[in-house]
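Here's the structure we're looking at; comments come further down.
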Amino acid sequence: MSEQLPMGSFDKEGFLRQLSDWSPAVAQQIAEREGIALSDAHWEVLNLLREYYRRFDDSPVMRALVRFCRQELGNDKGNSMYLLTLFPGSPAKIGCKIAGLPKPDNCL
Amino acid sequence: MSRSLLVTLTTSPYASSRARAGLDLALASAAFDKPVSLLFLGSAVLQLLDGQDTEALGLRNQRKTLDSAVLYGIDAIYADAKALAQLGITQQELPDGCQTADAAQIRKLLNTYDQLVSV
Amino acid sequence: MNYALLVLASPASGTSNLTAARFARELVKQGHTLSRVFFHDAGTETGLVSRVMPQDETDARALWRELSTHHNTELVLCIASSLRHGVLDTTEAERYERTNTIDPAFVIGGLGLLVEASETADRLITFGASV
C-alpha cells in the first residue's frame with residue numbers, strides 16, 4: 001500500500017488532523033484500523049459521503065445519510081440496516097472518518 | 001406526537017455564529033422527529049441566497065447546509081417577502097420550494113406552531 | 001408549571017444572559033419547576049470557568065450555579081457551540097487534546113437534550129434572540 005500516513009496524522013480517535021491529507025490509500029489505512037476491508041459497496045457509500053460534504057458543507061447524521069443514500073442509490077441501500085452492515089456500530093461517524101470528512105461534533 | 005416547531009432566523013449568514021447555530025438547532029430538532037419549519041425574517045433572507053461562496057471566508061456555507069434540510073425532514077421554508085423586495089432578491093435565487101410570506105401570512109404562521117424559537 | 005429555557009446570549013455582552021438567570025431564579029422562587037436550561041451558540045460561554053467579571057458587576061454564572069446547587073436545575077451546554085466558544089469538559093478536552101475549561105456546575109450535551117426538555121415542559125422560553 002502506497003502513501004501510508006504516519007500515526008501522528010491522526011488524532012486519538014483515528015480522525016485525520018488535516019482533511020487535505022485524505023486519499024483513497026489513506027481511506028484504506030483508516031478502514032483497516034477500524035477492522036473494515038473496503039469493498040466496492042463500501043466505496044459506493046464513501047463516495048456518496050464525500051459528495052454529501054461537497055454538496056452540503058456538513059457531515060451528515062445518520063438520518064440524513066440514510067435519506068441521501070435512498071435518494072441516490074435507491075431503497076435497497078437507503079436504509080440503516082444496509083449501512084450498519086457495511087460500517088458496524090455507528091455508520092455515519094465511521095463513514096465520515098474513513099471518507100475524510102470533518103469529525104462530527106457528537107451533537108446528536 | 002411531537003410538538004411542532006417554527007425556528008425563526010433573523011441574522012445575516014456570516015456576521016456571527018448565530019445563523020449557523022439556528023440552523024443546527026432546526027436540523028437537530030428535525031432529526032429527533034419534531035415537525036420543524038424555518039422562517040427567515042429581515043436580513044436573514046440573505047442566508048437563502050444561491051451561489052454563496054465562503055471559500056475565502058474560511059467558513060462553512062450556510063446555503064449549502066440549508067439545502068440538506070429536506071434530508072432531515074424539513075419541508076417548509078418561509079421567507080419574509082418584504083425583506084426579499086428590499087434586498088432585491090428574486091424567487092429563482094431561493095431554495096426550491098421556499099415560500100414567501102407577507103406580514104399577514106407571517107402572523108398566521110406564528111400562530112400555527114406549538115412552539116416558536118427565535119434565534 | 002414546568003419550564004424549559006433556551007439561552008443564546010453570552011454573559012459578556014448585553015443583558016439577556018443575566019435576565020435569563022434572574023427569570024430562572026424567580027420561577028423556582030414562585031414554585032415552578034425548572035429542570036433544564038439549555039445554552040446554545042454564544043450562550044455556552046456561560047459555563048466558561050475562566051471568565052472573571054468586574055467586582056462591581058453581577059456575575060450571571062454565580063446565579064446559574066445557585067440554581068444547579070439548590071434546585072437541581074440541569075445546566076446543559078450545546079456541544080457544538082461549546083467547542084466553538086472554548087468550553088471543554090474532560091471528555092472533549094481529551095478528544096481535542098486541549099485542557100478542561102468548564103465550570104463543574106455545567107454539563108456538555110447534544111441538542112437532543114433541548115428537544116427532550118421542550119417536549120416535556122409546559123413552556124419553552126428563549127433568551128438572547130437577535131433583535
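Heavy-atom basis, side chains included; hydrogens, waters and symmetry copies ignored. Every chain is numbered from 1 and lettered A, B, ... according to where its sequence line falls, protein lines coming before strand lines.
- In the displayed structure, Lys82(B) atom NZ is contacted under 6.0 Å by at most 12 heavy atoms of other residues, nucleotides or ligands.
- Judged as a ring-ring contact (aromatic ring centres under 6.0 Å, His included), the pairs with a partner in residues 12-31 of chain C (not counting sequence neighbours) are, in order, Phe23(C)-Phe127(C).
- Highest contact tally toward chain C, considering only Asp33(B), Val117(B), Leu9(B), is held by Val117(B) [criterion: heavy-atom pairs under 4.5 Å].
- In terms of heavy-atom proximity, Leu111(C) sits nearest to Asp24(B) at CD1-O, 3.5 Å.
- The structure places CD of Glu116(C) at 9.0 Å from CZ of Phe32(B), a figure rounded to the nearest 0.5 Å.
- Once rounded to the nearest 0.5 Å, the distance linking CG of Leu5(B) with CG of Leu114(C) reads 8.5 Å.
- When the side-chain hydrogen bond (donor to acceptor under 3.5 Å, both in side chains) test is applied to Gln86(B), no partner is found at least two apart in sequence or on another chain.
- Residue-environment remark: CG (Asp122(C)) exceeds the threshold of 12 foreign heavy atoms within 6.0 Å.
- Counting heavy atoms of neighbouring residues, nucleotides and ligands inside a 6.0 Å radius, atom CD of Glu97(C) exceeds 12 of them.
- For Asp41(C), the salt bridge (Lys or Arg N to Asp or Glu O under 4.0 Å) partners are Arg18(B), not counting sequence neighbours.
- For the atom pair CZ (Arg84(C)) and CZ (Arg20(B)), the distance works out to 7.5 Å, reported to the nearest 0.5 Å.
- Within residues 29-39 of chain C, no residue has any heavy atom under 4.5 Å from a heavy atom of chain B.
- Contact annotation for Ser17(B): both backbone and side-chain heavy atoms come within less than 4.5 Å of a heavy atom of chain C.
- Leu6(C) touches chain B through its side chain: at least one heavy atom from C-beta onward sits under 4.5 Å away, while N, CA, C and O do not.
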Chi angles and distances behind the side-chain contact (heavy atoms from CB on, under 4.5 Å) call for Val115(C), Ser29(B): CA-CA 6 Å; Val115(C) 176; Ser29(B) 300; 3.8 Å; yes
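- The distance from atom OG1 of Thr120(C) to atom CZ of Arg3(B), rounded to the nearest 0.5 Å, is 7.5 Å.
- The parts of Ser2(B) that come within reach of chain C are both its backbone and its side chain, each placing non-hydrogen atoms under 4.5 angstrom from that chain.
- The two residues Leu116(B) and Thr126(C) have their closest heavy-atom pair at O-OG1, 4.4 Å.
- Your options are Gly128(C), Ala129(C), Ser130(C), and the one with the most heavy-atom pairs under 4.5 Å with chain B is Ser130(C).
- A donor-acceptor contact shorter than 3.5 Å links the side chain of Gln115(B) to the backbone of Ser118(C).
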